[in-house]
There are 2 protein chains.
Amino acid sequence: MSLDDTDKRILTLLQKKGRMSNADLSEKVNLSPSACHRRVQRLEAEGYIRDYVALLDARKMGVPTTVFVEITLQAQADEVLDAFERAVALIPAVLECHLMAGSADYILKIVAEDTEDFARIHRQYLSRLPGVAQMQSSFALRTVFRTTALPV
Amino acid sequence: MSLDDTDKRILTLLQKKGRMSNADLSEKVNLSPSACHRRVQRLEAEGYIRDYVALLDARKMGVPTTVFVEITLQAQADEVLDAFERAVALIPAVLECHLMAGSADYILKIVAEDTEDFARIHRQYLSRLPGVAQMQSSFALRTVFRTTALPV
DNA sequence: TGTGAAATAATTTTTCC
DNA sequence: GGAAAAATTATTTCACA
């Protein structure tokens, strides 16, 4: 049910190197391979570990530009929000979509090749999103850091 | 140097399931295991694949609350930015830090247990960041979606 | 230069204690 | 939780187009 120090250590390590071998992992947490393996299986089965993924280099992949877009909807009826969210989910460049507290505001995190490519994304997708009252885009000049690792 | 369709398919798959076995992967991209393995090694060596990581469940980990914090600095001299960025990097709850275009604005993405825990993070860390002129926090009510997968 | 088949090495996963 | 066996997988080697 809950996590002891060894579990936490395992999670910390796997958040950094998700493909670390069970042998290495077991050594670093002072456990036998089989005991360590059982821990990992439990952490997966109970949902602490959601997934293992490869992280790509945004620059190498040609999308070094990050843009945060803040959107206010005209209404906040559930149908309006649902329609909006369904439409947003279809835009490949959108990595995150958060419904913000307060009025019907969303924050989107979007990646693009450059500002011109973002203009295209805006024309092609963002400008056609349903129920939008206001939209404000903020460009990131530089990503200081970005991690997927949650505090354990 | 560049990526053909098979490379792109490999990257798409590994972005979803980073621990997929090379045998499975090779089958899905219609390649022999060794040919597929060589492709993956190249993608790693050339830096398209930055890392493999485990993604944890924020709710299970006790940090279901996401907060975006927008910070304006008093000055934009390099030393001021550097000092700020170094201090930010030491806060475990901060997952992302972006320098925004325009004036000296930063956007931070922070996770917390709840609003009270965020208040603690604010007191303990944010309020002590050097060079800060303004700070505005926006709470996410709900994460509609969030992916680490870049468009390929 | 890129590919596939087969052999070897390493690792994961299971079984039993 | 640990040890050892079994099954699977990664990685290398080599031959071929």
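Below, read A as the first sequence line, B as the second, and so on, with proteins coming before strands; counting in each chain starts at 1. Just so you know, these numbers use all the heavy atoms, side chains as well, and skip hydrogens, waters and symmetry mates. All values reported here derive from a predicted model rather than from experimental measurement.
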Discussion item. Listing request: all salt bridge (Lys or Arg N to Asp or Glu O under 4.0 Å) pairs with a residue in residues 141-152 of chain B, at least two apart in sequence or in separate chains.
Written reply: A:Glu85-B:Arg142
Item to complete: Any salt bridge (Lys or Arg N to Asp or Glu O under 4.0 Å) involving residues 61-82 of chain B? Give me the pairs, sequence neighbours left out, ordered by first then second residue.
Response: none
Between [N] atom [atom2] and [X] atom [atom1], what is the distance in whole Å?
{"X": "A:Met20", "N": "C:dT12", "atom1": "CE", "atom2": "P", "answer": "11 Å"}
{"X": "A:Glu27", "N": "C:dA10", "atom1": "CD", "atom2": "P", "answer": "15 Å"}
{"X": "B:Asp24", "N": "D:dT8", "atom1": "CG", "atom2": "C1'", "answer": "11 Å"}
{"X": "B:Leu14", "N": "D:dA10", "atom1": "CG", "atom2": "C1'", "answer": "14 Å"}
{"X": "A:Tyr52", "N": "D:dT9", "atom1": "OH", "atom2": "P", "answer": "16 Å"}

Worksheet item: Of all of residues 29-44 of chain A, which get a heavy atom below 4.0 angstrom from DNA chain C, listed by number?
Response: A:Ser34, A:His37, A:Gln41
Worksheet item: What residues, two or more places apart in sequence or in another chain, satisfy side chain to side chain donor-acceptor pair (under 3.5 Å) together with A:Asp4?
Response: A:Arg39
Discussion item. Count I, L, V, M, F, W, Y as connected when their side-chain heavy atoms are under 4.5 Å apart, and connections chain through other members. Are B:Val111 and A:Leu99 then in the same cluster?
Written reply: no
Worksheet item: On DNA chain C, nearest-nucleotide positions of B:Asp4 versus B:Arg19: which is more 5'?
Response: B:Asp4
Practice prompt. Scan residues 123-140 of chain B for pairs that pass side-chain hydrogen bond (donor to acceptor under 3.5 Å, both in side chains), counting only residues two or more places apart or in two chains.
Written response: B:Arg120-B:Gln124
Practice prompt. Kindly write out the residues that satisfy salt bridge (charged side-chain N to carboxylate O under 4.0 Å, His left out) with B:Arg9, not counting sequence neighbours, or none if the list is empty.
Written response: none
